[in-house]
Amino acid sequence: MGRRVDYARELNPAQLEAVRTLFGPILVIAGAGSGKTRTLVYRVARLVEEGVPPERILLLTFTRKAAREMLRRAAMVLDASCERVAGGTFHSLAHQMLRKYGHLIGYGPNFTVLDRGDAEDAINLLRSALGLSEKGRRFPKKDTLLALFSKAVNQGRTLEEILEREYPHFLEHLPEIERLFGEYQRYKREHQLMDYDDLLLNWYRVLLEHRWVREEMARRFEFIMVDEYQDTNRLQAEIVRLMAEGHGNVMVVGDDSQSIYAFRGANFRNILEFPKLFPGARIIKLEENYRSTQPILDLANAVIARAREKYTKCLFTRRKGGRKPVLYRARDEADQSRFVAERILELREEGVPLSEIAVLFRAAFHSFDLELELAKRDIPFVKYGGLKLIEAAHIKDVVAHLRIVLNPYDLLSWHRVLLLLEGVGPRTAEKIIAHLRTAPDPVEVLRQFPARPSYEKGLLRLAEILKEIRELSSVEERLARLIDYYQPLLERVYHDDYPKRERDLESLLTLSHKYRDLSDFLADLALEPPESSVAGLEPETEDEEHLVLSTIHSAKGLEWHTVFVISLSEGRFPSAYAVRDEEDLEEERRLFYVAVTRARENLFLCHPVTGYVPGEGRVILKPSRFLEELSPELYEPFREVPEETREEVSPREGVLRPGDVVWHPRFGEGEVRDVLGEEKVRVYFLGHGEKTLHLRFARLERL
DNA sequence: GTTTACGCATCCCCG
DNA sequence: ATGCGTAAAC
């Protein structure tokens with residue numbers, strides 16, 4: 001068995017209490033950087049050390065990557081058996097369970113998971129079928145409809161309630177919207193499709209309606225832990241309650257101040273209501289911060305102090321010193337990009353690895369300008385958030401074929417696949433599908449369909465490839481064969497830019513390599529979409545140093561030595577969509593809080609004072625209200641050194657000697673203390689202390 | 001009657 | 001860069 005772990009030495013008293021309390025419901029309120037992950041990791045280790053079989057522990061996290069990471073750490077603390085702990089997201093667990101128990105509610109094991117785009121396509125199809133898309137009507141669009149349906153499911157409200165509260169202007173269409181909702185539900189059921197919400201809802205139903213399943217669950221998972229509980233919703237809370245009915249051993253961990261997923265139905269009041277749902281719950285607060293310097297925490301505390309509703313807590317640290325956050329007022333976006341790039345190069349001179357720096361922003365497109373600047377300067381980066389690989393049209397095309405192989409009644413995928421054929425439009429596709437839906441072998445129907453000469457060949461080729469793929473077994477082989485077939489279609493449909501898209505197909509093929517089961521591959525693509533590969537200078541190998549660009553949402557739970565938050569202008573952050581509704585605005589504030597608490601040592605806040613707004617052209621942007629609210633002592637403005645005073649000291653020409661006085665763009669005046677070989681010097685700067693600088697990167701001027 | 005090409009507006013965050 | 005509506009082409 002594992003080695004003894006000295007919990008008392010590794011953890012502070014509050015963390016220790018959370019780790020040592022094994023039975024009953026527990027709510028851990030964990031401030032940013034308070035060692036939340038550490039606490040979960042040690043608790044897993046503790047449970048296993050106490051003799052609980054690892055497979056009887058369930059760890060629900062926000063992403064599957066987070067679960068894997070935690071279990072890896074637990075394995076390092078105790079022993080490898082910790083990796084056998086069941087871990088994943090609510091959705092991945094639901095998927096897994098529904099493949100096993102779905103027959104109880106009329107689903108086979110090979111149902112198809114619809115991602116957002118698929119769900120929207122389905123709604124659009126039904127909307128036209130019901131004649132609700134004639135022009136001139138102000139009927140909601142597919143994305144609004146899906147959001148509406150999703151909120152109803154996740155919040156357990158009626159469509160009418162949702163409309164009244166959030167979309168009163170669509171109330172007149174209530175009967176049609178309800179009808180469409182019913183049609184959508186029926187359509188999915190009939191064709192073995194589930195969207196993200198169905199995964200949760202159906203799993204909940206199975207649990208609710210079948211006591212024996214609940215009992216089996218309670219036996220299978222004796223201890224349940226839920227991370228990021230502030231971002232769960234009512235339905236997820238109910239699922240946890242039912243799964244834990246037999247024993248009540250549930251620990252949830254979260255921070256109400258970091259709840260940023262309300263748009264997805266999450267409700268931070270969930271965490272406030274946990275004690276009601278689980279009577280007798282023990283509440284433990286983690287308030288000591290181990291991540292950031294005090295000046296950063298001061299700013300973070302000031303941001304969240306203005307939040308209206310929260311568990312009161314105040315972050316503190318025992319760390320001494322640290323620089324105040326820096327505020328940079330940029331002329332425009334280009335100036336902001338230049339500023340960020342220059343600071344990054346300086347940090348690299350100081351020896352901060354690129355991988356310890358992140359640039360965060362509200363929306364994925366806020367970094368477009370910066371991405372160009374970084375590419376120009378050869379600074380490698382990866383971008384998280386924004387478009388996913390699976391959302392690209394050409395990837396969806398290929399995936400649709402694979403889905404058909406697995407679930408021949410996935411009419412949505414048939415629709416997409418048929419439209420790719422030359423000479424086939426929506427009308428013909430519908431006709432073919434009408435023949436398919438009742439047939440015992442849909443692929444055979446393709447051959448017999450009375451096709452017009454213009455697309456007959458295409459249809460036959462499709463039938464052939466589907467049959468061929470059905471008979472292959474390796475996922476990679478199937479995909480490779482499919483890509484061969486798809487190539488000419490790709491060139492025809494996306495003739496403008498197909499070479500770019502070919503590379504995405506390559507990435508998909510690489511991804512498929514590790515899968516032995518097609519249905520696992522497809523489920524993972526939907527449940528854990530890989531990031532887009534088209535983003536700029538993606539490093540070839542994982543260990544190559546690179547900077548992180550990320551939306552704040554995707555940066556949840558992560559930390560860096562230096563963090564830049566950019567585009568802090570009204571209308572961007574807070575988003576223009578959020579400023580009218582007070583609840584939305586509160587969420588924006590929490591989002592800003594999440595952003596600033598990612599930083600350990602340095603925090604840079606940037607806002608461009610002019611910007612381009614589509615339709616309006618170049619406009620003056622006001623600084624974000626979140627910046628205006630901050631008292632000026634909490635940060636210091638960045639002072640730029642005038643261009644003309646710069647004169648580079650290159651390693652060849654300028655032989656520096658100890659005692660020389662130099663000028664550095666960020667640290668100002670300094671005195672050379674030591675010359676370390678040809679390229680490095682040690683310089684003492686007033687107010688910043690001693691720095692080792694690489695002359696190859698540093699722009700030093702001798703005074 | 002259908003399909004396709006083209007020009008138009010629009011774009012937040014996500015399992 | 002996708003998603004829509006309209007007009008030209010099959």
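Per chain, numbering begins at 1; letters A, B, ... match sequence-line order. Remember, it's a predicted structure, so these values are computed and weren't measured experimentally.
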> Quick one: which of dC4(C), dC12(B), dC14(B) gets closest to the side chain of H553(A)?
dC14(B)
> With a 4.0 Å cut-off, would you call R306(A) and E629(A) a salt bridge?
yes
> Yes or no on salt bridge (charged side-chain N to carboxylate O under 4.0 Å, His left out) for D115(A) and K396(A), after CA distance, side-chain angles and deciding distance?
CA-CA 10 Å; D115(A) 66 23; K396(A) 299 190 99 171; 3.7 Å; yes
> Is the phosphate of dG15(B), meaning OP1 or OP2, less than 4.0 Å from a side-chain N or O of S92(A)?
no
> Show your reasoning for whether salt bridge (charged side-chain N to carboxylate O under 4.0 Å, His left out) applies to E628(A) and K622(A).
CA-CA 10 Å; E628(A) 300 280 50; K622(A) 283 201 296 188; over 6 Å; no
> If we require ring centres under 5.5 Å and near-parallel planes under 30°, does F365(A) stack on dC11(B)?
no
> With a 3.5 Å cut-off and no angle check, do the side chains of T610(A) and D332(A) form a donor-acceptor pair?
no
> Which part of the nucleic acid does K431(A) contact within heavy-atom distance under 4.0 Å: base, sugar-phosphate only, or nothing?
sugar-phosphate
> Any base atoms under 4.0 Å from E422(A), or only sugar-phosphate, or nothing? Heavy atoms, all strands.
sugar-phosphate
> Looking at every strand, decide which applies to S454(A) at a 4.0 Å heavy-atom threshold: base, sugar-phosphate, or nothing.
nothing
> Is there aromatic stacking of F263(A) against dC12(B), centre distance under 5.5 Å, plane angle under 30°?
no
> What contact category does F90(A) fall into here, base, sugar-phosphate, or nothing, at under 4.0 angstrom with non-hydrogen atoms?
nothing
> Hey, does R572(A) reach any base, or is it just sugar-phosphate, or nothing, if we go heavy atoms under 4.0 Å?
nothing
